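The structure appears right after this line, and notes come after that.
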Amino acid sequence: MIDFDPLEKHLAQLLERHDRARTPWTYDDLIERMQDRRLDSMVRHLGDGPVDLASVRAAWAAGAGPLHPDHAKALETAYLGETNLPWYAENLYGHLGRGHPLLADFFRRWVAEEDQHGRAFEIYLLMDRAVPSAEMLDAKTTMLRAGRPAPAVDPFEIMVYTSIQELSTRVFYARLARVVADPLLADLLRRVQADESLHLAFYRDAVRLALRQRPELAEVVHRGLMGFREPVTVLPDYEERKALIWDTGLSNLQVFRTEVVEPLLTYWGLEDPAARARWAG
């Protein structure tokens with residue numbers, strides 16, 4: 001197990017950098033913009049004719065965002081990944097936070113910010129009826145009941161995993177933001193992506209500090225890159241979701257290799273031909 005005590009000064013700087021760089025945001029802007037879009041649509045659809053409850057409901061529904069069904073499913077899948085947070089909070093905090101106060105402090109920040117991401121996606125999906133709410137609730141319940149265990153128990157292994165996960169998530173959100181037809185959703189994805197970038201920066205730099213202290217830990221990095229699996233793999237329809245996401249070009253083995261594996265190996269100053277081959281695609 002890595003001894004983080006000699007790295008305390010550096011970890012404190014990483015934590016300070018995170019707090020200084022993050023721009024706080026709320027759900028208010030998202031909700032107001034979604035409501036405004038619906039209200040504008042209602043004005044156009046209702047016109048000067050008679051107004052009854054059925055016509056108001058129809059006009060309100062017509063104001064939903066122009067989200068392609070494949071992109072809606074991809075966003076729902078991302079939301080379900082964020083929904084796994086309670087198990088991260090329980091399992092990872094027990095292993096990551098118990099050993100070092102600074103790591104525990106950052107992890108608590110990370111939990112709060114990831115919770116905000118999941119709730120923002122849920123608000124968007126529900127308000128715009130992008131996916132059937134009953135199906136989304138069933139999938140959320142399935143995700144939580146699966147109770148995916150922590151990917152590792154050693155703090156260094158955990159930070160290797162979270163580095164991979166945060167970069168993978170950031171890449172996915174960036175690619176989705178570029179293709180969705182709804183500017184409002186694109187803005188939300190970029191806002192969340194900015195948070196993920198800060199999370200990545202902390203975990204990735206903590207791993208690099210540890211590698212400088214103990215270069216032999218490169219073997220742990222190699223194992224993490226070879227065996228990485230996302231939280232949503234516990235879903236019964238995971239293969240269908242993966243196929244859809246790959247078909248849309250939002251992610252695939254080649255994307256994972258070139259935009260996640262390669263940048264991390266380069267940043268950590270490591271070579272790993274096996275991991276490159278594993279994710280060649």
Side-chain angles (χ1 to χ4, degrees), residues 1-2 4 7 11 14-15 18 77-78 80-100 102-111 113-115 117-118 143 146-173 193 195-211 213-214 216-235 238 242 251 253 255-257 259-270 272 274-276 278-279:
M1 182 178 291
I2 185 71
F4 284 100
L7 304 175
L11 291 174
L14 295 181
L15 186 59
H18 173 271
T77 302
L80 293 171
E82 302 282 2
T83 296
N84 196 55
L85 187 64
W87 301 115
Y88 275 116
E90 178 182 359
N91 294 320
L92 299 194
Y93 182 78
H95 300 298
L96 185 63
R98 190 184 305 150
H100 199 283
L102 273 172
L103 294 179
D105 195 7
F106 177 78
F107 187 71
R108 285 190 288 266
R109 285 168 164 78
W110 178 82
V111 166
E113 291 163 15
E114 293 291 346
D115 178 69
H117 300 168
M143 188 78 193
R148 187 175 188 268
V153 296
D154 177 77
F156 181 75
E157 290 184 75
I158 289 172
M159 285 191 288
V160 169
Y161 178 87
T162 50
S163 296
I164 302 170
Q165 174 65 29
E166 294 298 318
L167 181 52
S168 176
T169 303
R170 186 184 76 174
V171 167
F172 181 79
Y173 292 160
Q193 179 192 344
D195 282 350
E196 303 290 16
S197 296
L198 295 177
H199 300 162
L200 166 66
F202 183 93
Y203 290 125
R204 180 191 60 188
D205 285 8
V207 168
R208 185 167 68 171
L209 287 169
L211 285 169
Q213 185 189 54
R214 287 179 53 190
E216 71 273 14
L217 288 172
E219 180 59 32
V220 178
V221 176
H222 299 334
R223 288 201 307 268
L225 288 168
M226 290 289 287
F228 177 77
R229 296 180 71 223
E230 294 182 328
V232 292
T233 55
V234 302
L235 291 169
Y238 167 71
K242 183 177 76 171
S251 184
L253 293 179
V255 169
F256 189 76
R257 177 189 175 181
E259 299 192 36
V260 179
V261 175
E262 295 283 0
L264 287 176
L265 287 173
T266 299
Y267 192 83
W268 290 330
L270 301 175
D272 192 347
R276 290 187 171 95
R278 163 78 170 83
W279 300 104

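On a predicted model such as this, the values are computed, not experimentally measured, just so you know. Counting from 1, the numbers follow the sequence of the chain as shown.
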With rounding to the nearest 0.5 angstrom, report the [atom1] to [atom2] distance, [X] to [Y].
{"X": "Arg204", "Y": "Trp268", "atom1": "CZ", "atom2": "CH2", "result": "9.0 Å"}
{"X": "Leu14", "Y": "Arg208", "atom1": "CG", "atom2": "CZ", "result": "9.5 Å"}
{"X": "His117", "Y": "Tyr173", "atom1": "NE2", "atom2": "OH", "result": "7.5 Å"}
{"X": "Leu225", "Y": "Leu270", "atom1": "CG", "atom2": "CG", "result": "8.5 Å"}
{"X": "Glu82", "Y": "Met143", "atom1": "CD", "atom2": "CE", "result": "10.0 Å"}
{"X": "Gln165", "Y": "Glu114", "atom1": "CD", "atom2": "CD", "result": "8.5 Å"}

Give a yes or no on whether the backbone of [Y] and the side-chain of [X] come within a donor-acceptor separation of less than 3.5 Å.
{"X": "Arg170", "Y": "Glu196", "answer": "no"}
{"X": "Tyr203", "Y": "Tyr161", "answer": "no"}
{"X": "Ser163", "Y": "Met159", "answer": "yes"}

Worksheet item: Shortest non-hydrogen contact from Leu217 to Ala210?
Response: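 For Leu217 versus Ala210, the nearest heavy atoms are CD1-O, 4.1 Å.
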
Worksheet item: Which pair of heavy atoms, one from Val160 and one from Val207, lies closest together, and at what distance?
Response: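 That would be N-CG2, 3.9 Å.
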
Fill in: Parallel, tilted or perpendicular, as decided by the 30° and 60° cut-offs, for the rings of His18 and His199
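Geometry flag for His18 against His199: parallel rings.
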
Worksheet entry | Plane angle bin for Phe106 and Phe202 - parallel if under 30°, tilted between 30 and 60°, otherwise perpendicular |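 Ring orientation of Phe202 relative to Phe106: parallel.
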
Below 4.5 Å, heavy atoms only, C-beta onward: do [X] and [Y] meet side chain to side chain?
{"X": "Asp272", "Y": "Val221", "answer": "no"}
{"X": "Phe256", "Y": "Ile164", "answer": "yes"}
{"X": "Asp105", "Y": "Arg109", "answer": "yes"}

Worksheet entry | Trp110/Glu166 under side-chain hydrogen bond (donor to acceptor under 3.5 Å, both in side chains): CA gap, chis, key distance, verdict | CA-CA 11 Å; Trp110 178 82; Glu166 294 298 318; 2.9 Å; yes

Item to complete: Evaluate side chain to side chain contact (heavy atoms under 4.5 Å, CB included) for Leu211 paired with Phe156, printing each intermediate quantity in order.
Response: CA-CA 10 Å; Leu211 285 169; Phe156 181 75; 4.0 Å; yes

Discussion item. Among Val260, Val261, Leu264, exactly one meets side-chain contact (heavy atoms from CB on, under 4.5 Å) together with Ser168. Which residue is that?
Written reply: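 For Ser168, the side-chain contact (heavy atoms from CB on, under 4.5 Å) test succeeds with only one of Val260, Val261, Leu264, which is Val260.
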
Worksheet item: Given the rule in the side-chain hydrogen bond (donor to acceptor under 3.5 Å, both in side chains) test, do Ser197 and Gln193 qualify, once you have shown the distances and angles that lead to the verdict?
Response: CA-CA 6 Å; Ser197 296; Gln193 179 192 344; 5.1 Å; no

